4 protein chains.
Amino acid sequence: MYCYDRAVPQARPARFSVTLRIQEPTLSTRPNASTHYSELTDPQSARGRLLRQAAHLFREKGYERTTVRDLAAAVGIQSGSIFHHFQTKEAILRAVMVETILYNTSRMEAALVKAESDTDRIRALIRCELEAINGETGEAMAVLVYEWRSLTPESQAEILVLRDRYEKLWLETLERLSGAGLVKADPFVLRRLLTGALSWTVTWFKPEGKGQRRSLDLDDLTAQVMLTLGLPVP
Amino acid sequence: MYCYDRAVPQARPARFSVTLRIQEPTLSTRPNASTHYSELTDPQSARGRLLRQAAHLFREKGYERTTVRDLAAAVGIQSGSIFHHFQTKEAILRAVMVETILYNTSRMEAALVKAESDTDRIRALIRCELEAINGETGEAMAVLVYEWRSLTPESQAEILVLRDRYEKLWLETLERLSGAGLVKADPFVLRRLLTGALSWTVTWFKPEGKGQRRSLDLDDLTAQVMLTLGLPVP
Amino acid sequence: MYCYDRAVPQARPARFSVTLRIQEPTLSTRPNASTHYSELTDPQSARGRLLRQAAHLFREKGYERTTVRDLAAAVGIQSGSIFHHFQTKEAILRAVMVETILYNTSRMEAALVKAESDTDRIRALIRCELEAINGETGEAMAVLVYEWRSLTPESQAEILVLRDRYEKLWLETLERLSGAGLVKADPFVLRRLLTGALSWTVTWFKPEGKGQRRSLDLDDLTAQVMLTLGLPVP
Amino acid sequence: MYCYDRAVPQARPARFSVTLRIQEPTLSTRPNASTHYSELTDPQSARGRLLRQAAHLFREKGYERTTVRDLAAAVGIQSGSIFHHFQTKEAILRAVMVETILYNTSRMEAALVKAESDTDRIRALIRCELEAINGETGEAMAVLVYEWRSLTPESQAEILVLRDRYEKLWLETLERLSGAGLVKADPFVLRRLLTGALSWTVTWFKPEGKGQRRSLDLDDLTAQVMLTLGLPVP
DNA sequence: CATGAATGAGCATTCATTCAT
DNA sequence: AATGAATGAATGCTCATTCAT
């Protein structure tokens with residue numbers, strides 16, 4: 001699983017998109033664009049529909065239990081055609097993860113820019129991660145967390161590089177809060193506790209309140225997390 | 001995954017063990033005995049060794065990627081012999097989960113009895129769950145959390161009954177703390193945030209501090225969680 | 001493999017080229033032209049490059065293990081484009097064989113014309129066949145011998161017709177030598193022993209002497225075969 | 001194909017059977033037995049029937065065109081059961097070759113022991129190889145020669161060791177004949193010419209004279225080869 | 001209880017071929 | 001002519017499970 005305790009080379013701050021372009025030629029980022037959002041595969045394209053269905057099925061049944069035939073049927077193509085778009089089944093899993101992490105890193109960077117105070121920043125991060133986990137990219141995020149073991153070691157290394165950029169945003173913010181005395185726990189440990197707490201929401205949180213005993217939206221949930229940490233709720 | 005949002009029949013407080021005894025004749029609990037510890041399979045027996053190896057392999061490689069032959073080889077028997085102990089591979093997974101949840105519920109009940117204050121109680125629960133996740137039963141607990149999807153719906157229902165007894169211990173304690181104003185967040189939500197935070201430790205916490213940048217033992221980790229919740233650390 | 005023991009209709013001396021022209025419109029022979037060399041596909045054309053690469057790859061990896069994509073990549077076109085030049089993959093194999101046999105039959109006819117004695121004639125045939133096997137057309141010849149089984153029965157029949165014309169040159173020469181008492185063995189059997197001996201050189205003879213324990217050129221090899229047959233070496 | 005021009009480590013004279021026993025535990029030789037014949041897989045066993053059918057099908061259709069399902073059907077088992085006996089399809093090919101080469105090396109050693117003169121010896125070798133190629137082991141021998149390319153490099157290396165022992169019997173005999181002036185050509189070259197000539201008989205020689213224009217048995221064929229070499233025929 | 005040969009449905013992947021552009 | 005996405009049947013191989021011994 002999306003594992004923290006291995007030695008990871010320091011994230012190379014800006015050039016990672018070049019590396020990516022080499023490894024995944026059909027996936028590109030626009031580093032020069034005014035927004036920092038990564039350019040994802042067109043969701044209308046065959047590849048895009050495949051990735052969406054893959055996220056859905058991998059989340060629902062697990063990577064191992066999802067067959068290439070399941071995937072092909074969900075997209076409406078023949079099983080052999082899958083391999084026109086991806087070399088292996090594992091490459092699909094990897095692409096789901098890479099696209100999600102790139103997309104959500106960009107979203108988080110954009111949200112941080114708008115925050116004005118330290119509590120604004122931590123609230124933005126929590127809110128962003130909750131959105132990533134429970135919103136549109138939720139299935140892909142769940143796959144990122146819970147299907148980590150199904151990646152080859154090479155793919156894991158590739159994605160750990162991307163994850164480090166994402167985690168750096170969290171750690172810097174938590175260290176500022178810690179410096180300001182707003183949180184008591186060690187930032188490193190606190191981030192890991194939050195990772196677990198937030199990613200686990202995918203198993204119980206239903207934004208629309210369907211079937212829940214009390215209705216809770218993403219803002220409420222963000223507030224509950226802030227409360228739990230002893231941080232101010234607006 | 002070990003999912004919270006499905007309608008679960010109210011836990012039938014005492015009779016679940018009867019059901020269990022029918023389905024798994026060699027596993028029994030003694031709810032009337034003076035100690036509340038469940039009687040687990042003898043770890044020296046063939047069945048016991050099988051369950052231990054199953055927990056290890058399911059944790060390491062995942063349930064789907066672990067073959068019956070892997071299991072047999074780890075125990076030192078032939079693959080066909082596995083089926084003298086369990087009817088199906090899934091029954092092994094189920095047994096790993098059932099034994100773990102029964103064992104850890106008993107441990108938690110025993111720990112609660114000794115606690116004298118509300119903060120003692122919550123600290124005991126946190127400490128107990130961290131021990132379950134990172135101690136001897138850690139592999140089985142990780143399997144319980146991360147291989148949930150590989151259970152049949154019938155097995156899921158069976159185990160949800162056991163889990164409700166376990167969760168009740170948590171919820172009652174959190175509600176007392178909430179009533180006393182010691183925690184601000186909703187007890188129901190707080191428990192779910194804690195479930196995620198604590199179970200996630202399996203991915204990063206190494207008790208011995210091997211390779212970690214700072215050494216942290218289970219007591220330190222418990223203290224960090226208490227700090228995060230704004231609760232007093234002794 | 002290029003098999004001798006099936007009943008073959010007597011070679012139809014002149015009309016086979018008509019048949020060929022129908023099936024493979026771009027390949028033609030001019031039996032009435034002053035030179036006896038067949039007109040082969042222009043090696044610069046797309047078709048010519050394809051045939052050359054096919055001979056190379058079929059020899060190197062075998063027909064079955066060579067994919068249409070391998071072939072296309074070797075020529076520098078897309079796999080779909082192959083089928084503008086040949087109707088099926090098997091048609092490529094057939095064309096490689098047909099062109100080689102036509103080319104080498106012509107070469108042998110030309111060499112025989114120049115020979116002045118019976119020993120000259122047999123030496124010319126041996127030398128010619130060794131050149132065919134180990135020279136420029138070597139890869140195609142090896143394909144002709146070792147990929148015979150991959151042809152459809154129809155293609156086999158077509159090529160057997162061409163082969164009979166080639167074999168007739170051998171058999172007539174061996175019968176003259178036998179009549180003159182220069183060889184003792186039955187000409188029919190002797191030709192088959194020679195076919196095997198000569199075609200097998202492809203597996204061990206390296207004209208440049210690279211890595212061989214003794215350097216042996218085609219003339220030396222021809223002489224060794226003559227010696228083996230008890231025939232005079234100039 | 002069964003290729004001569006690669007550097008081969010010197011054959012380890014007597015202990016090769018030990019090596020073999022390690023690599024192929026179910027195949028054993030009896031180095032202490034009075035006869036030097038290798039002990040082959042029992043032809044009645046599942047493994048034995050599989051090897052026989054494999055030799056037949058690989059010879060008939062080629063290794064690549066023979067599917068595991070073809071093989072299973074020929075033996076009368078399910079395709080999955082093949083892999084109870086052999087780890088891969090290639091291992092079947094390897095086993096066919098190993099058993100054949102061991103068996104025929106032993107036969108040849110036994111025949112050499114009985115020969116009394118140099119011409120007896122060469123006649124014994126020719127006769128033995130013709131029997132190997134056209135007799136009971138004929139299909140397996142043809143596979144050994146014509147499916148060489150389908151072996152992995154590792155398997156090729158393994159079998160080259162066995163082949164060297166076989167070839168040594170030939171080379172020593174030819175060198176004695178050359179020393180005695182009975183053959184004029186270089187022994188090394190002569191052996192290769194003979195290898196081709198003899199192995200090629202598989203494509204045209206039919207012992208029973210079925211459909212042949214003249215009836216030729218193995219003795220006649222041996223005599224023809226001796227005649228071709230200018231050696232005395234009894 | 002234990003074995004291990006056998007099963008057979010299922011898997012990811014391959015690949016010659018087609019065809020709309 | 002050429003492309004390249006798509007096809008779909010086939011391939012080698014896996015593996016939980018069965019069962020005669």
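All chains are named by letter (A, B, ...) in the order of the sequence lines, taking the proteins before the strands, and each is independently numbered beginning at 1. Everything quoted here is computed from the prediction, not taken from an experiment.
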Would you give me the side-chain donor-acceptor pairs under 3.5 Å for residues 82-92 of chain D, sequence neighbours excluded?
| from | atom 1 | to | atom 2 | distance (Å) |
| --- | --- | --- | --- | --- |
| T88(D) | OG1 | E90(D) | N | 3.4 |
| T88(D) | OG1 | A91(D) | N | 3.1 |
| K89(D) | NZ | Y63(D) | O | 3.0 |
| K89(D) | NZ | T66(D) | O | 2.8 |
| E90(D) | OE1 | R94(D) | NH1 | 3.2 |
| E90(D) | OE1 | S155(D) | OG | 3.4 |
| E90(D) | OE2 | T152(D) | N | 2.8 |
| E90(D) | OE2 | T152(D) | OG1 | 3.2 |
| E90(D) | OE2 | S155(D) | OG | 2.7 |

Taking protein heavy atoms under 4.0 Å as touching, what does nucleotides 9-16 of chain F look like 5' to 3' if B marks base contact, S marks sugar-phosphate-only contact and - marks none?
-BBBBBSB

Does any N or O donor sit under 3.5 Å from an N or O acceptor when you compare the side chain of H84(B) with the base of dA2(E)?
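Counting by modelled atom types and ignoring angles, a donor-acceptor contact under 3.5 Å is found here.
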
Can you list everything that forms a side chain to side chain contact (heavy atoms under 4.5 Å, CB included) with A74(D)? Sequence neighbours excluded, please.
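Side chain to side chain contact (heavy atoms under 4.5 Å, CB included) check on A74(D) returns Q53(D), L57(D).
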
Does R52(B) have any side chain to side chain contact (heavy atoms under 4.5 Å, CB included) partners at least two apart in sequence or in another chain, and if so, which?
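So R52(B) forms a side chain to side chain contact (heavy atoms under 4.5 Å, CB included) with P43(B).
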
Would you check if the side chain of E147(D) reaches a backbone N or O of L93(D) as a donor-acceptor pair within less than 3.5 Å?
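Not confirmed, E147(D) side chain does not pair with L93(D) backbone.
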
Checking R59(C) side chain against M141(C) main chain: does a donor-acceptor pair fall under 3.5 Å?
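No, because the side chain of R59(C) does not come within donor-acceptor range (under 3.5 Å) of the backbone of M141(C).
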
Without decimals, in angstroms, what is the distance between [X] [atom1] and [N] [atom2]?
{"X": "R49(B)", "N": "dC1(E)", "atom1": "CZ", "atom2": "C1'", "answer": "13 Å"}
{"X": "F86(A)", "N": "dT14(E)", "atom1": "CZ", "atom2": "P", "answer": "15 Å"}
{"X": "L71(C)", "N": "dA2(F)", "atom1": "CG", "atom2": "P", "answer": "14 Å"}
{"X": "I77(D)", "N": "dG4(E)", "atom1": "CD1", "atom2": "C1'", "answer": "14 Å"}
{"X": "K61(C)", "N": "dT14(E)", "atom1": "NZ", "atom2": "P", "answer": "13 Å"}
{"X": "H85(D)", "N": "dT7(E)", "atom1": "NE2", "atom2": "C1'", "answer": "12 Å"}
{"X": "L57(C)", "N": "dA16(E)", "atom1": "CG", "atom2": "P", "answer": "12 Å"}

Under the rule for salt bridge (Lys or Arg N to Asp or Glu O under 4.0 Å), what residues qualify as partners of D70(B), not counting sequence neighbours?
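Residues passing salt bridge (Lys or Arg N to Asp or Glu O under 4.0 Å) with D70(B): K61(B).
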
I'd like to check the salt bridge (Lys or Arg N to Asp or Glu O under 4.0 Å) partners of E64(B); sequence neighbours left out, ordered by chain and number.
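Here the qualifying residues are R65(A).
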
When you compare dT21(F) with dC1(E), how far apart are their P atoms, in angstrom units rounded to a whole number?
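Between the two P atoms, the distance is 23 Å.
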
Got a minute to check which stems DNA chain F is part of, using Watson-Crick or G-U wobble pairs under 3.5 Å, three or more consecutive?
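If one scans DNA chain F for consecutive Watson-Crick or G-U pairs, the stems found are E:2-21 with F:2-21.
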
Which residues pass the side chain to side chain donor-acceptor pair (under 3.5 Å) test with Q78(D), not counting sequence neighbours?
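Testing Q78(D) for side chain to side chain donor-acceptor pair (under 3.5 Å), a comparison that skips the adjacent residues, returns none.
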
Please list all pairs meeting salt bridge (Lys or Arg N to Asp or Glu O under 4.0 Å) that have one or both residues in residues 75-87 of chain D, counting only residues at least two apart or in different chains.
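Every candidate salt bridge (Lys or Arg N to Asp or Glu O under 4.0 Å) pair involving residues 75-87 of chain D fails, so no pair, neighbours aside, qualifies.
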
Would you indicate, yes or no, if dG4(E) has its OP1 or OP2 atom less than 4.0 angstrom from a side-chain nitrogen or oxygen of Q78(B)?
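Checking Q78(B) against dG4(E): at least one side-chain N or O falls below 4.0 Å of OP1 or OP2.
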
Residue closer to the 5' end of DNA chain F, G76(A) versus I82(C) (nearest nucleotide):
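Nearest nucleotide further toward 5': that of I82(C).
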
